[in-house]
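Written below as structure tokens is the structure these notes are about.
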Amino acid sequence: SNRGRDRKALVTIDPARPDVEQLVYEHPEVDLGSATWSRLRKKLTQADYVTDRIGHRFFDATTERLYQRISAKLPSMQINLQSQTEAEDKFIVAASNDRTPGSRYIYDAKSNSLSKLADINPKIAEADMAPTQAVRYKSRDGLTIHGYLTLPVGREPKALPCIINPHGGPWARDVWGYNPEVQFMANRGYCVLQMNFRGSTGYGRAFWEASFGQWGLKMQDDITDGVKWLVDQGIADPSRVGIYGASYGGYATLAGVAFTPELYAAAVNYVGVSNLFTFMNTIPP
């Protein structure tokens with residue numbers, strides 16, 4: 001619930017008194033993403049959220065120890081327990097990071113053993129992919145904009161050709177992890193900047209509501225300010241910046257070359273919204 005607060009939090013509600021909420025957990029910076037319940041042990045086990053990366057708040061020592069044991073076997077990997085047996089003694093584990101779509105395993109909690117099921121894409125060599133780092137910069141009106149920067153392998157991060165890659169939605173957000181399109185562009189020598197402009201979800205109500213009525217205006221300024229940040233850092237060659245996005249990201253691509261054509265040497269709009277009226281008319285009443 002985010003009633004009466006900026007960020008989504010985990011609360012308990014008595015159906016007889018639905019307006020009264022008892023706080024269980026609230027992250028100090030971001031919205032709560034999800035919570036997990038043990039059917040076997042009849043207890044709340046964890047809450048998940050996303051800052052720069054996925055994080056966990058454990059309510060249960062058994063679950064915390066489970067994650068610690070699996071993480072020790074899969075260092076440098078982000079893990080997600082996708083399924084488990086009714087006895088909660090065997091788990092399907094998804095493991096990935098920014099440089100690989102990863103693998104799936106079965107973890108046996110009794111024997112503390114991990115067995116690989118399969119690699120998602122064995123042709124992707126993790127060592128050849130480009131690392132993605134979390135970044136942040138200030139918008140012109142003082143908001144902190146979080147994002148992700150992927151730099152091409154083997155090149156000094158100076159005066160690079162760069163691709164600005166705004167996400168779709170717009171009420172969605174980019175997260176840290178393997179992105180095949182970003183890796184494709186980095187493999188071709190481009191730096192890639194993804195930014196969670198205002199309206200991106202997960203950063204609280206105020207940040208989300210700051211996007212209302214701001215298509216092509218302050219939302220676009222947040223993207224423009226990201227380009228200027230890249231140039232000011234010396235990473236981007238200002239004469240070789242392109243913009244590419246899909247859906248709302250495609251709209252932002254069109255808006256970018258329409259309103260700030262001096263910023264971009266190239267643009268690719270993928271299924272972008274070019275007219276809100278015709279877009280709304282395609283949706284049944």
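Heads up: numbering here begins at 1 and tracks the sequence.
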Side chains of [X] and [Y]: closer than 4.5 Å at any heavy-atom pair?
X: Trp215; Y: Pro170; answer: yes
X: Tyr107; Y: Ile92; answer: no
X: Gln233; Y: Leu230; answer: no
X: Asp48; Y: Gln46; answer: yes

Test salt bridge (Lys or Arg N to Asp or Glu O under 4.0 Å) applied to Arg57 and Glu64, step by step: CA-CA 9 Å; Arg57 166 67 162 88; Glu64 185 171 13; over 6 Å; no
Side-chain (Lys73) to main-chain (Ile70) donor-acceptor, under 3.5 angstrom: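 Not at all, since once roles are kept as given, no pair shorter than 3.5 Å links the two residues.
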Whether Tyr148 side chain and Asp52 backbone form a donor-acceptor pair below 3.5 Å: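 Judged by distance alone, yes, a pair lies under 3.5 Å.
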Other residues, nucleotides and ligands only: do more than 12 of their heavy atoms fall within 6.0 Å of [atom1] on [X]?
X: Gln22; atom1: CD; answer: no
X: Tyr190; atom1: OH; answer: no
X: Phe279; atom1: CZ; answer: no
X: Arg188; atom1: CZ; answer: yes

Check: Phe197 ring centre within less than 6.0 Å of Tyr248 ring centre: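 Judged by ring-centre distance (under 6.0 Å), Phe197 and Tyr248 do meet the cut-off.
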Any side-chain donor near an acceptor of the partner, [X] and [Y], under 3.5 Å:
X: His146; Y: Asn196; answer: no
X: Ser103; Y: Asp119; answer: yes
X: Glu29; Y: Tyr203; answer: no
X: Glu126; Y: Asn97; answer: yes
X: Thr36; Y: Thr45; answer: no

Salt bridge (Lys or Arg N to Asp or Glu O under 4.0 Å) between Asp60 and Arg41, intermediate numbers included: CA-CA 10 Å; Asp60 169 56; Arg41 292 176 291 123; 2.9 Å; yes
Chi angles and distances behind the salt bridge (Lys or Arg N to Asp or Glu O under 4.0 Å) call for Arg7, Asp31: CA-CA 5 Å; Arg7 296 178 300 278; Asp31 287 329; over 6 Å; no
In one Ile/Leu/Val/Met/Phe/Trp/Tyr side-chain cluster, 4.5 Å: Val227, Ile235: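 Yes; tracing contacts between hydrophobic side chains, which count when under 4.5 Å, links both residues.
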Salt-bridge contact Asp222-Arg198 (side-chain N to carboxylate O under 4.0 Å):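 Salt bridge: yes.
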Check ion pair Asp225-Lys138 (N to O, under 4.0 angstrom):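 Salt bridge flag = no for Lys138 with Asp225.
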Salt bridge (Lys or Arg N to Asp or Glu O under 4.0 Å) involving Glu156 - partner list, sequence neighbours excluded: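 Result, salt bridge (Lys or Arg N to Asp or Glu O under 4.0 Å) vs Glu156: Lys158.
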Asp128 and Arg99: CA distance, side-chain angles, deciding distance, salt bridge (Lys or Arg N to Asp or Glu O under 4.0 Å) verdict: CA-CA 8 Å; Asp128 295 339; Arg99 293 176 294 127; over 6 Å; no
Where at least one partner belongs to residues 164-174, residue pairs that pass salt bridge (charged side-chain N to carboxylate O under 4.0 Å, His left out), sequence neighbours excluded: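 Residue pairs passing salt bridge (charged side-chain N to carboxylate O under 4.0 Å, His left out), neighbours aside: none found.
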Sequence neighbours excluded - disulfide (SG to SG under 2.5 Å) pairs with any residue from residues 135-172: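 Every disulfide (SG to SG under 2.5 Å) pair that includes a residue of residues 135-172, provided the two are not neighbours, is Cys162-Cys191.
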